[in-house]
Amino acid sequence: MKVASWNVNSIRARHDRLVAWTAEHRPDVLCLQEIKVENDQFPRESLEAQGYRWALWGQRTYNGVAIAARSELRDVVVGFGDEPGDAEARAIAATVDGVRIASVYIPNGQAVGSDKFAYKLAWLARLRAWLDRAVDPGQPFLLCGDFNVAPEDRDVHDPAAWAGKIHCSEPERAALRQVLGWGLVDVFRRHHEEGDHYSWWDYRGVSFFKNRGLRIDHIFASASMAARSRGCEIDREARKGQNASDHAPVYATFDAG
DNA sequence: ATGTCACATCTAATGTGA
C-alpha cells in the first residue's frame, strides 16, 4: 500500500499538477489538506477517472481536507465530534483496505503567544483526545497531514534562526510529542536519520532554491503499520516550477497486512 | 529586503491567512 499526503494549498489552483502527480505516482491512498472549496464545488471527476473515490470535508476559502483511495472508503468521520470546536474543516478519517487513515490540517498558529497559537496547541490536545477515544492503538492506523510543526532541529534548515519561532517552539513540539505518545511512529524517520529533508518552503524569496525549508508534513503510523513500512520519501520535484504548492507531497509504502 | 501565493470582495486594489 502506497499512502501519500499533500497540502495542495487550493485544489482549484493545484488541479492540473495533482492529476499529473497521481498519474505518475499512483498512490493507493492520498490525503489532502487545504483544498479550500466546498464539497459540491470539489473537482471529483479528474481523479475518479484514474480510479479513485473520495471522502471530503471541504470549506470555502480556508482549510478543507480530503482522502482519495482506490479501494472503498469505509466509516468516514469528519472532525472530532467535540462540538462546538469543530467549526473548521481540519480532520477527516476513513478505513481503506483495513487501515484506518486520517488526513489532518493542524492550525498554523501565526506567532508564538498569539490567540491562534493557543488555538493550535488546543487543537493538538483535541487531536490526542480524539485518538484516545476514537482509535484503537492495536489496529493499523495512519495519521497523515500538515502538522505545521517541525518535530526536531534536524527538521529545520536553520535551527538557530527558527529557535522559539512558530512551527519550531517547544510548546508546539511538546504538544506534538503528546500526540505521538498515543503510540505513533514518524515513518519518515524510520527510513532517514539525516537532516536537510523538508516538506515546506516559503513562497517568498529564494527559500526553495536555497533549500531553506521545514519538515512539517508527516505520516505517523501505529506500531503495526510502522512495522509494515518499507520506505518514506518527500517528493521535492513537486515543489519545483510554476504553479507549485508551497508544500511537497510525502509518501510511504507498506507491506500488505 | 514586510520578498509570494490564494482567495475574498461593493471588479479593482486591498485585506486576510499562510
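Throughout, a chain's letter reflects where its sequence line sits, starting with A, and its residues are numbered from 1.
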To the nearest Å, give me how far apart [atom1] ([X]) and [atom2] ([N]) are.
| X | N | atom1 | atom2 | result |
| --- | --- | --- | --- | --- |
| A:Ile216 | B:dA18 | CD1 | C1' | 10 Å |
| A:Arg12 | B:dA8 | CZ | C1' | 11 Å |
| A:Gln59 | B:dA6 | CD | C1' | 15 Å |
| A:Asn63 | B:dA8 | CG | P | 12 Å |
| A:Trp200 | B:dA18 | CH2 | C1' | 8 Å |
| A:Glu38 | B:dC7 | CD | P | 14 Å |
| A:Asn7 | B:dC5 | CG | C1' | 12 Å |
| A:Glu34 | B:dA8 | CD | P | 13 Å |

Should the heavy atoms of other residues, nucleotides or ligands under 6.0 Å from [atom1] of [X] be counted, would the total exceed 12?
| X | atom1 | result |
| --- | --- | --- |
| A:Glu194 | CD | yes |
| A:Asp115 | CG | no |
| A:Gln178 | CD | no |

Nucleotides 9-16 of chain B: which of its N/O atoms have a protein N/O under 3.5 Å away?
from, atom 1, to, atom 2, distance (Å)
B:dT9, OP1, A:Arg60, NH2, 2.9

| said: Would you say the ring centers of A:Phe220 and A:Phe147 fall short of 6.0 Å from each other? | reply: yes
| task | Would you please indicate if the ring centroids of A:Trp123 and A:Tyr105 are separated by under 6.0 Å? | result | no
Might you list the N or O atoms of the protein lying below 3.5 Å from N or O atoms in nucleotides 1-4 of chain B, with each pair's distance?
from, atom 1, to, atom 2, distance (Å)
B:dT4, O4', A:Tyr203, O, 3.3
B:dT4, O4', A:Arg204, N, 3.4

Within 45° cone of [Y] ring axis and under 6.0 Å: [X] NZ or CZ:
| X | Y | result |
| --- | --- | --- |
| A:Arg100 | A:Phe141 | no |
| A:Lys2 | A:Tyr251 | yes |
| A:Arg230 | A:Phe254 | no |

Taking atom [atom1] in both [N] and [M], compute the distance separating them and give it to the nearest angstrom.
| N | M | atom1 | answer |
| --- | --- | --- | --- |
| B:dG17 | B:dA12 | P | 25 Å |
| B:dG15 | B:dT2 | C1' | 15 Å |
| B:dC10 | B:dA6 | P | 23 Å |

| said: By nearest heavy atom, map A:Pro107 and A:Ser10 onto DNA chain B; which one lands nearer the 5' end? | reply: A:Ser10
| query | With nearest nucleotides of DNA chain B determined for A:Ile35 and A:Gln110 from heavy-atom distances, which residue corresponds to the more 5′ nucleotide? | reply | A:Ile35
| said: For A:Gln110 and A:Tyr119: C-alpha separation, side-chain torsions, deciding distance, then whether side chain to side chain donor-acceptor pair (under 3.5 Å) applies. | reply: CA-CA 10 Å; A:Gln110 196 170 62; A:Tyr119 179 70; over 6 Å; no
| field | Identified salt bridge (Lys or Arg N to Asp or Glu O under 4.0 Å) partner of A:Arg177 from the options A:Glu152, A:Glu170, A:Glu172 | value | A:Glu170
| field | A:Ser103 side chain to A:Ile67 backbone, donor-acceptor under 3.5 Å | value | no
| task | Classify the nucleic acid contact of A:Tyr105 as base, sugar-phosphate or nothing, counting any heavy atom under 4.0 Å across all strands shown. | result | sugar-phosphate
| query | Of all the base pairs, Watson-Crick or G-U under 3.5 Å, which form stems of three or more consecutive pairs involving DNA chain B? | reply | B:4-9 with B:13-18
| Candidates B:dA8, B:dA18, B:dA6 - which lies nearest the side chain of A:Asn9 | B:dA6
| message | Looking only at side-chain N and O atoms, does A:Trp162 offer a donor or acceptor that is under 3.5 Å from a partner on A:His157? | response | yes
